[in-house]
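Just so it is clear, the values below take in all heavy atoms, side chains as well, and ignore hydrogens, waters and symmetry mates. Letters go in sequence order (proteins before strands), and every chain restarts at 1.
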Protein chains: 2
Amino acid sequence: MSALTDNWKTQIRKGYLDLCILTLIRSRGRVYGFDLIEQLTRAGLPLKEGTIYPLLNRMTADGLLGATWDTENVKGHPRKFYALTREGSRALDEMSEEFDRMVRIHQKLAKG
Amino acid sequence: MSALTDNWKTQIRKGYLDLCILTLIRSRGRVYGFDLIEQLTRAGLPLKEGTIYPLLNRMTADGLLGATWDTENVKGHPRKFYALTREGSRALDEMSEEFDRMVRIHQKLAKG
DNA sequence: CAATAATACTATGCAATGCTAGGTATTATG
DNA sequence: CATAATACCTAGCATTGCATAGTATTATTG
C-alpha cells in the first residue's frame with residue numbers, strides 16, 4: 001500500500017472509528033478501553049491506546065457514553081467501563097443510517 | 001440531526017469524498033469541476049466549490065489525476081477536464097477494497 | 001459598447017480528528 | 001524488591017472539509 005493511500009486511510013477513519021466503537025459497545029453492553037482495543041483489533045480494525053482513550057473521553061464528555069469504574073473487587077488494575085447513554089443510542093442510530101446512505105451512494109456512483 | 005452528529009458527518013466525509021470523486025471520474029472518463037459538483041449533488045452528496053477545487057488540485061498534484069484544458073472551442077468559460085492516471089486508477093482500486101473492508105467490519109460488529 | 005449575470009476556478013484560515021510518542025498507576029510474578 | 005503485565009492518560013503534529021472571499025472569462029441585455 002502506497003504512502004498516499006496510507007494517508008487516505010487515516011482520513012477515512014475519521015468518524016468511522018466513532019461508529020464502530022459505538023456499534024461494538026451496543027453489541028456488548030458494557031466494555032472497558034483495553035478490551036475494546038483487543039476486540040476491534042481482532043475484528044480487523046487495529047488501533048492504539050493513544051487513539052482510543054482520547055476518543056472515549058470525548059464521547060463521554062459529549063454525553064454519548066456513561067463511564068463507571070468497576071466497583072466489584074476485580075483482580076488486576078481497575079477498569080473503567082463504558083456504556084451507551086440514551087443520547088448515545090440515538091446518535092448511533094443516526095450514524096448507522098448515514099453510513100448506509102454513504103455506502104449506497106458509492107455503489108450508485110460506481111455503476112454510473 | 002443534532003450538532004454532534006453534524007460534526008461527525010463532517011469527519012466521516014474525509015477521505016470518503018476522495019473515493020467518490022475518483023469513482024465518478026472512472027465511471028465518466030472525463031469530468032470538469034462544476035459538472036462534478038452537479039453530479040455528486042444529484043447523487044445525494046452535495047458539496048461546495050470551496051471543497052472540490054482544492055481537492056482536485058491536491059489529487060492532481062499527487063499524480064492521481066491528469067488535468068487538461070478543453071482545446072475544442074466550447075461556448076462559455078473554458079473548462080479544465082480531469083481524468084484518472086494509471087496511478088490514480090491503482091489508488092482507486094486500493095481505496096475501494098479498503099472501503100468494502102470497512103463496510104464488512106462494521107456489519108460484523110453490529111451482529112456481535 | 002458598457003453593465004450585469006453566469007460559469008469556472010483559486011486562496012486563506014478554522015475547527016476537528018487519528019496518530020505518534022511518551023508517561024502514570026496498579027497488580028501479579030519470581 | 002525488581003520486573004512484567006495491565007489499564008489508562010496527555011501533548012503536539014499533520015491532514016482534512018468547509019466557509020468565505022475573490023479572480024477571470026464568456027454570454028446576455030439594454
Side-chain angles (χ1 to χ4, degrees), chain A residues 3-22 30-41 45-62 64-65 67-70 72-82 95 98 102, chain B residues 3-22 30-41 45-62 64-65 67-70 72-82 95 98 102:
Chain A
L4 264 178
T5 32
D6 272 349
N7 181 38
W8 173 81
K9 264 179 78 171
T10 296
Q11 292 304 323
I12 200 170
R13 272 167 81 100
K14 291 178 193 298
Y16 174 71
L17 283 185
D18 284 24
L19 173 67
C20 285
I21 288 169
L22 291 178
R30 246 167 63 96
V31 192
Y32 63 97
F34 217 78
D35 192 30
L36 260 177
I37 296 177
E38 288 187 343
Q39 295 202 36
L40 289 175
T41 298
L45 196 61
L47 36 71
K48 303 289 180 54
E49 304 180 6
T51 297
I52 201 154
Y53 288 114
L55 210 150
L56 288 170
N57 288 336
R58 172 171 52 83
M59 293 202 279
T60 303
D62 288 344
L64 304 183
L65 296 178
T68 51
W69 288 95
D70 52 353
E72 318 132 33
N73 23 352
V74 186
K75 307 275 183 183
H77 191 286
R79 297 163 169 171
K80 199 192 244 179
F81 281 87
Y82 297 89
M95 290 177 180
E98 176 65 18
M102 289 169 62
Chain B
L4 264 178
T5 32
D6 272 348
N7 180 41
W8 173 81
K9 265 179 76 171
T10 296
Q11 293 304 324
I12 201 171
R13 274 168 77 101
K14 292 178 194 294
Y16 174 70
L17 283 185
D18 285 23
L19 172 67
C20 285
I21 287 169
L22 291 178
R30 249 167 61 97
V31 192
Y32 62 96
F34 219 77
D35 193 29
L36 258 177
I37 295 177
E38 287 186 343
Q39 295 202 36
L40 289 174
T41 299
L45 198 60
L47 35 71
K48 307 287 180 55
E49 303 180 5
T51 297
I52 201 155
Y53 287 114
L55 211 150
L56 288 171
N57 288 336
R58 173 171 51 83
M59 291 202 279
T60 303
D62 288 344
L64 304 183
L65 296 179
T68 52
W69 289 96
D70 52 353
E72 317 133 34
N73 25 352
V74 185
K75 309 274 183 183
H77 190 287
R79 297 163 170 172
K80 198 193 246 178
F81 281 87
Y82 298 90
M95 290 177 180
E98 176 65 18
M102 288 169 64

- Nearest-angstrom distance from the residue atom CH2 of A/Trp8 to C1' of D/dG17: 16 Å

- Query: Nearest 0.5 Å, what's the CE-OH distance between A/Met59 and A/Tyr82?
  - Reply: 9.0 Å

- Query: For B/Leu19 and B/Glu98, what are the C-alpha separation, side-chain angles and deciding distance, and is it a side chain to side chain contact (heavy atoms under 4.5 Å, CB included)?
  - Reply: CA-CA 10 Å; B/Leu19 172 67; B/Glu98 176 65 18; over 6 Å; no

- Could you state the atom-to-atom distance from CD1 of A/Ile37 to C1' of D/dT6 in whole Å? 11 Å

- OP1 or OP2 of D/dA19 less than 4.0 angstrom from a side-chain nitrogen or oxygen of B/Lys48, does that happen here? yes

- Starting from C1' on C/dG18, measure out to CG on A/Leu19 and report it in whole angstrom. 16 Å

- Message: Nearest whole Å is fine: how far is D/dC18 P from B/Tyr16 OH?
- Response: 12 Å

- Query: Taking the side chain as C-beta and beyond, is there a heavy-atom pair between A/Leu36 and A/Leu56 under 4.5 Å?
  - Reply: yes

- Item | A/Gln11 and B/Asp18, any side-chain heavy atoms less than 4.5 Å apart | no

- Note on the structure: In whole angstroms, the gap separating P of D/dT16 from CD1 of B/Ile52 amounts to 15 Å

- When every nucleotide of nucleotides 8-17 of chain C is labelled 5' to 3' by its protein contacts under 4.0 Å (heavy atoms), B for base, S for sugar-phosphate only, - for none, what sequence of letters results? SBBB----SB

- Task: To the nearest Å, give me how far apart CD1 (B/Ile12) and P (D/dC18) are.
- Result: 13 Å

- Are the side chain of A/Tyr16 and the backbone N or O of B/Met102 linked by a donor-acceptor pair below 3.5 Å? yes

- Should A/Tyr53 and A/Phe34 count as side-chain neighbours, where that means a heavy-atom distance under 4.5 Å? yes

